[in-house]
Amino acid sequence: MSTHIEERAYAKLNLSLDVVSKMPDGYHDLKMIFQSVSLYDDVGIDINDSGNISVTSNLGYLPNDASNIAARAAKAFFAEIGLGCGADIRLYKRIPVCAGMGGGSADGAAVLRALNRHFDHPIDTEKLISIGRDIGSDVPFCIIGGTVLAIGRGDVMSELPPIPDCDIVICKPQFSISTPALFKRIDCRKLRLRPDTDGLVSSIRSGDLHGIARRVYNVFEDVLTKERDRIEHIKAVMHQHGAVGAAMTGTGSAVFGMFDSRECAQSAYDELSEQYHECFITKPVKKFE
Ligand code: C5P
């Protein structure tokens, strides 16, 4: 006997990313604004009573054992509610991998949300977030979605109002950037530019799309080395086609451009997709139900 449930795992972007300080444990204290977008992975779960958890996906190179973030999320959920259930999880991935778009975290969070709904919400959101924190840095945000100001490791969150409707073009170049390597390059005391997070929050609160787009910024862009030219090129193409703002997301390598016109977004997408395989036109997504 098994029961099938499904959930969408939405990608995230960083409208801003600031590295505030290095903490004694070597991790960094961050200040970021997260935004969910309409690009999603499909997460299908067959819940059974086998006690085993398996994961398969359309991408052969992803781990399909207990180390997969979706498997870890299911295991943590069943442990928390004290049920010896099993689950066969099937992922259909669309979110680019190693892109700074929280793809793995989105899948883990979707598993937690879907199981919690199926079992009639035995775990409150605060507890679900604390389970998510142990699974991956972006899982807490991916549990709630929408537009959020996050500090610490990204798990201390304040919800913000939804940003105005717009088109967001995303382009992931073929290379990826190592997250630990990028953190190693950052010296918080020497950063020349920081995002205007307060201005960004005010623009979000007043529904000012141009004020938001003008302020999107990621401090990791300032420590790019061999990757810089590609990232700058993608941003330049976005701007040439009328983007009102563009930035890299997370530790890259995906870049997004915000547009107030669908035609401009389409023409940026058309040009970028001639050169880059992973391009998408997306919309902002509101807080998950
Ligand atoms: O969170 P994730 O496992 O993707 O982080 C990978 C690495 O990035 C960590 O091992 C750490 O070196 C660095 N990191 C950090 N501060 C954070 C998040 C990640 O220094 N807040």
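In each ligand, atom 1 is the first atom listed, and ligand 1 is the first ligand listed. Numbering starts at 1 and runs along the sequence shown.
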### Message
Under a 4.0 angstrom heavy-atom cut-off, which atoms of ligand 1 come close to G26?
### Response
20 (O)

### Query
Atoms of ligand 1 less than 4.0 Å from T179 heavy atoms?
6 (C), 8 (O)

### Task
May I ask you to test the Y276-K172 pair for a side-chain heavy-atom distance under 4.5 Å?
no

### Message
Give me the nearest non-hydrogen protein atom to atom 7 (C) of ligand 1 as residue plus atom name, then the distance to 0.1 Å.
### Response
P180 CG, 3.9 Å

### Query
Which bit of L30 is near ligand 1, meaning a heavy atom under 4.0 Å away: side chain, backbone, both or neither?
side chain

### Task
Measure the distance from atom 2 (P) of ligand 1 to every protein heavy atom, then report the residue, atom name and distance (to 0.1 Å) of the closest one.
S137 OG, 4.0 Å

### Summary
re atom 13 (C) of ligand 1, the protein heavy-atom contact at minimum distance is F183 CD1, 3.4 Å

### Query
What is the minimum heavy-atom distance between C279 and Y269, and which atoms define it?
O-CE1, 3.3 Å

### Query
Are R153 and Y27 in a cation-pi contact, defined as NZ or CZ under 6.0 Å from the six-membered ring centre and within 45° of the axis?
yes

### Message
Looking only at protein heavy atoms, which one is nearest to atom 21 (N) of ligand 1, and what is the separation?
### Response
H28 O, 2.9 Å

### Query
Salt-bridged, D41 to R94, with N to O below 4.0 Å?
no

### Query
Of R72, K93, R8, which meets salt bridge (Lys or Arg N to Asp or Glu O under 4.0 Å) against D107?
K93

### Query
Taking atom NE2 of H277 as the centre, does the number of heavy atoms from other residues, nucleotides or ligands within less than 6.0 Å exceed 12?
no

### Message
Taking 4.0 Å as the limit for heavy-atom contacts, which would you say applies to Y27 with ligand 1: side chain only, backbone only, both, or neither?
### Response
both

